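Okay, so here's the structure we're looking at.
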Amino acid sequence: MNTKTLRLGVLVSGRGSNMEAIIKAGEEGKLNAKVVVVISDRSEAPALKKAERKNIKSLYVNPKQFSTKAEYEEELIKIFSSFEVDLIILAGFMRLLSPRFLSYYKNKVLNIHPSLLPSFPGLEPQKQAIDYGVKVSGCTVHFVDEGMDTGPIILQRAVPVLEDDDAESLAERILKEEHDLYWRAIQLIAEGRVTIEGRKVILK
Ligand code: GAR
């Protein structure tokens with residue numbers, strides 16, 4: 001199989017544990033991809049320091065410095081282009097990207113969401129799952145389209161909801177699975193095994 005080493009650009013807003021898991025999978029040789037640049041929309045995001053410690057270029061780009069969202073995203077595109085990224089990885093990035101950005105990077109932006117989509121999109125999906133009373137939740141890696149957590153699904157993993165779970169304990173168990181799922185989805189792309197037909201992802 002013709003596996004290519006992908007250059008990844010990561011967008012983060014916070015802790016960055018998914019980003020770390022992807023970096024680690026690359027270091028361990030399980031994932032044919034390398035994080036080449038990390039951009040945060042929050043200066044205090046711990047993810048920035050974590051990436052720096054790995055000698056990965058990490059940048060804070062303040063959305064408020066730009067008068068429009070288009071200009072902010074233009075800057076993101078400029079940076080990602082200069083690093084020649086093949087894929088953009090949203091790892092806890094709490095901002096919606098515009099249709100313009102997404103058409104520039106068509107089918108090249110991935111996200112992970114801590115629920116079994118299409119259940120519980122948006123904010124606090126683990127709390128939504130607990131409040132609804134589902135017995136199973138999980139996580140989803142998907143291509144990003146113009147909707148909120150609506151793009152074609154690449155991989156999902158189920159996590160049981162336990163009797164005594166609260167949003168925090170469920171989030172913790174889902175997160176463990178996220179760390180093992182995200183790099184696998186990226187690896188499928190690196191191996192050229194992913195095609196999109198309509199809103200379905202076909203895995204070869
Ligand atoms: C993760 O649980 C991720 O799935 C979620 O934010 C957390 C980020 O953690 N993302 C979303 O809810 C996106 N809608 P991390 O910064 O430690 O990777």
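Values in this document were obtained by computation on a predicted structure and should not be read as measured data. Remember, it's 1-based here, ligands and their atoms both numbered in the order they're listed.
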Short N-O contact, Arg100 and Glu74, less than 4.0 angstrom: yes
Is Met94 isolated, or which residues cluster with it under the ILVMFWY side-chain rule of less than 4.5 Å, directly or via members? none
Step through the shown structure and confirm whether more than 12 heavy atoms of other residues, nucleotides or ligands are within 6.0 Å of NZ on Lys108. no
Is any side-chain N of the basic residue among Lys24 and Glu27 closer than 4.0 Å to the acidic one's carboxylate O? no
What are the distances between nitrogen or oxygen atoms of ligand 1 and protein nitrogen or oxygen atoms, counting only those under 3.5 Å?
from: ligand 1; atom 1: 2 (O); to: Glu178; atom 2: OE1; distance (Å): 3.2
from: ligand 1; atom 1: 2 (O); to: Glu178; atom 2: OE2; distance (Å): 2.9
from: ligand 1; atom 1: 4 (O); to: Glu178; atom 2: OE1; distance (Å): 2.6
from: ligand 1; atom 1: 4 (O); to: Glu178; atom 2: OE2; distance (Å): 3.4
from: ligand 1; atom 1: 9 (O); to: Arg15; atom 2: NH2; distance (Å): 3.0
from: ligand 1; atom 1: 14 (N); to: His113; atom 2: ND1; distance (Å): 3.2
from: ligand 1; atom 1: 16 (O); to: Gly16; atom 2: N; distance (Å): 2.7
from: ligand 1; atom 1: 17 (O); to: Arg15; atom 2: NE; distance (Å): 2.6
from: ligand 1; atom 1: 17 (O); to: Arg15; atom 2: NH2; distance (Å): 3.2
from: ligand 1; atom 1: 17 (O); to: Ser17; atom 2: N; distance (Å): 2.8
from: ligand 1; atom 1: 17 (O); to: Ser17; atom 2: OG; distance (Å): 2.6
from: ligand 1; atom 1: 18 (O); to: Ser17; atom 2: N; distance (Å): 3.4
from: ligand 1; atom 1: 18 (O); to: Asn18; atom 2: N; distance (Å): 2.9
from: ligand 1; atom 1: 18 (O); to: Asn18; atom 2: ND2; distance (Å): 3.0

Are there over 12 heavy-atom neighbours, none belonging to Glu172, within less than 6.0 Å of that residue's CD? no
In terms of ring plane angle, is the pair Tyr72 and Phe66 parallel, tilted or perpendicular, where the classes change at 30° and 60°? tilted
